[in-house]
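Reading through the structure tokens given below for one structure.
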Amino acid sequence: MNLETIKSEIEANVPGCRLEIVPNNSPSGQHSLLIDSETALTVARFLRDAAHLRFDYCSNVTGIDWPGKEISEKVKIKKILDGVEQEVEEIQKTQSAGHLEAVYHLYSMEKKHGPVILRMRTEDRADRIHLPSLTPIWRSAEFQEREIFDLYGIVFDGHPDLRRILMWDGFEDHPMRRDYVEPDDYEYEPTPHDAVLQKAKQHLSETGGR
Amino acid sequence: MLGEGIVKGLAETARNFLGSYVSKDRLTTVQYPEERLPQIEAARNFPFLVYDGEDWQQGMRCVSCLICEKECPPKCISIEKSKDKKLDASGKPQFYPTVFNIDVSVCMSCQICVEVCPFDAIKMDVDFELSTKDRFGDLLWNKERLSKSNEYYREIHPTEAAAVDAQLAEERAKLEAKSKLAAEAKAAAAATVPAQPAVGATAEK
Amino acid sequence: MSATTAATAHFTPKPSTDGGEGQLLEVSMGPQHPSTHGVFRMDVALDGERVVKLKPVFGYLHRNHEKIAETETYLGSMPYTDRLDYLCSITNNWAYALAVEKLAGIQVPERAEYLRVITGELTRLQNHTSVIGFLLQDMGASGTPLMYAFREREKVLDLFESLTGSRMMCNYMRFGGCRADMPAGWLQQAQKVVEAFPRFLDEFERLLSGNEILMARTQGVGVLSKELAVDAGITGPMLRGSGVNYDIRKVDKYGIYERFSFKVPLGEHGDVYDRYMVRLLEMRESVKILQQAMRDVPPGPIMDAKTKLRGFRPKAGEAYGRIESPKGELGFYLISDGSPNPYRYRVRPPSLVNLTVLEDMCLGQNVADIVVILGSIDFILGEVDR
Ligand code: SF4
Ligand code: SF4
């Protein structure tokens with residue numbers, strides 16, 4: 001099952017969809033298909049229902065966090081130096097917004113082929129974090145999308161029951177994000193090595209020995 | 001007939017019950033601690049440090065390379081490397097750990113430290129009766145508590161220890177041959193080089 | 001422990017609106033309930049004895065295994081996988097090793113593949129025996145079947161101990177092969193255990209399969225339809241109990257499974273009894289695979305010589321590797337950014353996904369059936385909560 005052909009078939013059948021193949025350079029060669037969130041449901045339904053594809057089994061659903069990177073660019077700007085206008089090279093640093101990603105691994109139980117890997121990306125990591133839920137197409141995504149919501153904070157629109165699943169309801173942060181800082185509120189064990197010992201000492205001095 | 005399946009099942013239970021009087025296969029209970037199962041050779045529990053010879057401090061094989069500390073998945077080993085060197089069992093000066101602690105309340109008996117140690121200095125013990133009253137102090141094992149002799153290692157894992165011994169002996173032999181060669185070369189060099197001053201010396205006379 | 005004394009934990013009776021008719025009782029089953037095999041809770045709403053709502057509550061055993069693995073080296077995560085589904089550490093190792101091998105393009109030597117099949121199928125045997133034992137224990141057959149099952153499982157665990165050093169936390173496989181070769185006499189001992197195994201299965205079937213109480217409690221209980229099973233991504237014996245022919249050993253042919261001839265047992269009704277029978281039959285097939293594999297283990301190395309375990313850095317990229325674990329599809333999804341630790345490490349837990357249809361299977365059944373249905377799912381909370 002060639003991803004190129006699947007891509008062109010989807011493009012022929014789902015008008016207005018924007019697809020992109022995300023190449024994978026590892027020996028596994030499992031390339032994936034980036035789909036846009038507007039047509040995601042239609043694309044997914046096509047993949048499930050098309051008679052020769054029949055991706056009826058959504059195996060693995062997971063999130064990935066890609067935090068923003070610092071991009072340094074060399075730019076030439078005009079500056080007045082010693083009374084003369086000169087062109088100077090300066091390094092400008094910009095912070096890209098980063099994004100969260102949801103990945104779906106699809107197989108077909110009927111045709112016994114696969115996997116086809118779908119990806120969806122949010123626009124950033126702060127407030128534009130909505131993606132359409134694919135639970136209406138594959139029910140197996142229901143709990144796994146809940147898990148992504150819990151651990152990464154992607155909000156799945158159209159999900160029937162989007163609540164925290166592994167962390168408790170009052171929990172605030174999303175622990176699988178890469179910039180997550182664990183709260184300093186648990187009981188430390190006196191393990192002998194450096195980092196933990198330092199932390200334990202600091203914790204004990206701050207909390208007055210508790 | 002209703003109940004036939006139940007009766008058949010009960011017959012099976014009866015067969016097992018009566019069978020347990022005659023067949024060892026059906027009576028598997030062992031009255032621990034009075035009775036014990038034979039020790040399985042490959043068993044592993046917590047790591048220990050191997051030393052050669054009589055004196056545990058002198059013979060400790062660990063050269064404090066810190067690899068196991070880095071690779072241990074739950075990070076329960078802590079080592080402090082010595083500043084000076086001591087002579088190891090084969091008479092070579094080596095670093096040694098001034099502190100070598102393993103927190104066995106954290107250790108998960110995974111054997112990764114054993115796998116990565118390039119000096120065959122750390123091995124897995126089989127002792128499992130280790131309950132203590134102090135949850136913290138008694139489960140943080142220091143260098144002295146961890147040290148066990150090579151004889152003990154041979155006793156608990158005979159096959160593995162024999163292989164390790166053979167390999168170490170081979171390495172040592174190679175090293176000795178090399179140093180012997182080096183010494184010979186040195187001696188040879190020493191024998192040829194002073195020859196000229198010797199001539200000069202006579203000339204001086 | 002009797003199944004009918006199940007839930008007494010906490011309840012809030014709702015005021016009756018229509019003279020007592022349709023009054024619901026809300027019961028919280030678990031998290032400290034023996035039938036949940038760990039710490040797992042269900043919020044159940046009951047109309048008399050009948051279940052009208054059931055919401056599973058997870059997370060009591062959550063330790064964020066995936067986050068821990070992102071800070072560990074590739075080798076360092078291997079012993080942690082043992083603790084996912086702690087009954088089947090070897091298949092967990094296998095799935096992880098397979099994913100890393102796909103990620104880095106590692107070849108596994110022939111002998112190691114055989115060792116993997118042998119230990120993997122032994123794992124399936126001991127998992128299914130204990131699951132069946134626990135299922136009957138949950139039904140109230142207190143003791144006998146479980147003890148018979150554990151007696152057999154013990155023999156397999158002894159084999160594991162003499163091969164890998166540990167009975168449950170085997171930490172046996174490495175990417176590129178296996179950690180330890182068979183000690184002298186191990187194969188003969190294993191052959192003896194495997195040859196004796198069908199006798200135990202016969203005994204177990206005589207003991208139980210025809211038992212009228214067992215049939216009354218399991219037939220037609222907790223029916224899972226074919227369509228729902230596929231839609232909800234159910235895998236393993238549960239899926240096959242509903243009559244869908246999907247076994248990853250046959251579909252993906254990972255390792256060397258295409259060399260062995262074995263059948264895939266399928267159920268018809270998708271009820272608890274079918275799941276029980278599928279597991280029993282699957283053990284007979286595992287015995288067949290084991291006999292074939294043990295007959296022709298080739299000599300040779302057990303580790304790929306080019307793969308180094310320490311300082312292992314696969315090229316940037318990603319891979320999803322999956323195997324048919326005794327519980328279903330166990331997958332590992334890894335993303336490497338070229339550093340010594342994985343950028344993303346994801347476990348696709350069969351136990352969690354199989355649990356998601358619990359409500360559908362329990363609706364309209366009696367309270368006591370929840371326990372039986374739960375027992376037939378075969379889940380381990382170490383893997384559900386990760
Ligand atoms: S056995 Fe594993 S956990 Fe224990 S000290 Fe060695 S590497 Fe660490
Ligand atoms: S036990 Fe081995 S790996 Fe650990 S510090 Fe000593 S020599 Fe190095």
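Excluded from the calculations below are hydrogen atoms, water molecules and symmetry mates; all remaining heavy atoms, backbone and side chain alike, are included.
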Original post:
So does C:E282 pair up with C:K263, basic N to acidic O under 4.0 Å?
Top reply: no
Original post:
Between C:I234 and chain A, which part of the residue has a heavy atom less than 4.5 Å away: side chain, backbone, both or neither?
Top reply: backbone
**OP:** Give, as side chain, backbone, both or neither, the part of A:D150 having an atom under 4.5 angstrom from any heavy atom of chain C.
**Re:** neither
Original post:
Does any heavy atom of chain A fall under 4.5 Å from the side chain of C:Y343, the backbone, both, or neither of them?
Top reply: both
Original post:
Counting heavy-atom pairs under 4.5 Å to chain C, which of A:E142, A:M109, A:Q144 comes out on top?
Top reply: A:M109
Original post:
Are the side chain of C:D337 and the backbone of C:S339 linked by a donor-acceptor contact shorter than 3.5 Å?
Top reply: yes
**OP:** Find the one option among A:P23, A:S59, A:G63, A:S32 whose heavy-atom pairs under 4.5 Å with chain C are most numerous.
**Re:** A:S59
**OP:** Please look at C:D231 and chain A and tell me whether the side chain, the backbone, both or neither of the residue comes under 4.5 angstrom of a heavy atom of that chain.
**Re:** both
Original post:
Per the ring pair (Phe, Tyr, Trp, His ring centres under 6.0 Å) rule, which among C:F332, C:F312, C:Y345 passes with C:Y74?
Top reply: C:F312
Subject >> Contacting region of C:V57 [heavy-atom separation from chain A under 4.5 Å] >> reply: neither
**OP:** Tell me, for C:A319 versus chain A, whether the close heavy atoms (under 4.5 Å) come from the side chain, the backbone, both or neither.
**Re:** both
Original post:
Checking C:V244 against chain A: side chain, backbone, both or neither under 4.5 Å from a heavy atom?
Top reply: side chain
Original post:
Salt-bridged, A:D179 to A:R125, with N to O below 4.0 Å?
Top reply: yes
Original post:
Side chain, backbone, both or neither: which part of C:L239 has an atom under 4.5 Å from a heavy atom of chain A?
Top reply: side chain
**OP:** Salt-bridge test for A:E110 and A:R54: reply yes if a basic N is under 4.0 Å from a carboxylate O, no otherwise.
**Re:** yes
Subject >> C:E101 versus chain A, the contacting section by heavy-atom distance below 4.5 Å >> reply: neither
Original post:
C:D385 side chain to C:L61 main-chain N or O, any donor-acceptor pair under 3.5 Å?
Top reply: yes
**OP:** Using a cut-off of under 4.5 Å on heavy-atom pairs, state which of C:V251, C:L355, C:T356 scores highest against chain A.
**Re:** C:T356
Subject >> C:Y320, part contacting chain A, at a heavy-atom distance under 4.5 Å >> reply: both
**OP:** Specify which of C:P349, C:A99, C:A104, C:G321 makes the most heavy-atom pairs with chain A at under 4.5 Å.
**Re:** C:A104
Subject >> Note: C:D378-C:K327 ion pair, threshold 4.0 Å (strictly below) >> reply: yes
Subject >> Note: C:E258-C:K253 ion pair, threshold 4.0 Å (strictly below) >> reply: no
**OP:** Go through C:E329, C:K250, C:R386, C:R322 and name the one with the most non-hydrogen pairs under 4.5 angstrom from chain A.
**Re:** C:R322
**OP:** Heavy-atom distances under 4.5 Å only: say whether C:L352 touches chain A with side chain, backbone, both or neither.
**Re:** side chain
Original post:
Between A:T62, A:D56, A:N25, which residue shows the highest count of heavy-atom pairs closer than 4.5 Å to chain C?
Top reply: A:T62
Original post:
Quick one: does C:T235's side chain have a donor or acceptor within less than 3.5 Å of a partner on C:G328's backbone?
Top reply: no
**OP:** Counting only heavy atoms closer than 4.5 Å, note whether A:I137 contacts chain C via side chain, backbone, both or neither.
**Re:** backbone
**OP:** Among A:P115, A:P27, A:A141, single out the residue with the greatest number of heavy-atom pairs under 4.5 Å to chain C.
**Re:** A:P27
Original post:
Looking only at side chains, do C:N354 and C:S351 share a donor and an acceptor under 3.5 Å apart?
Top reply: no
Original post:
Is a salt bridge present between C:E66 and C:R344, judged by a nitrogen-to-oxygen distance below 4.0 Å?
Top reply: yes
Original post:
Under 6.0 Å from the CD atom of C:E268, do we count more than 12 heavy atoms belonging to anything else shown?
Top reply: no
Original post:
Got a second to check how far A:L19's CG is from A:E9's CD, nearest 0.5 Å?
Top reply: 12.0 Å
Original post:
Which of the residues A:K112, A:R178, A:M167 is involved in the greatest number of heavy-atom pairs with chain C at under 4.5 angstrom?
Top reply: A:R178
Original post:
Do you know which of A:E147, A:R163, A:R164 has the most heavy-atom pairs with chain C at a distance under 4.5 angstrom?
Top reply: A:E147
**OP:** Could you look at A:V103 and say if it's the side chain, the backbone, both or neither that has a heavy atom under 4.5 Å from chain C?
**Re:** side chain
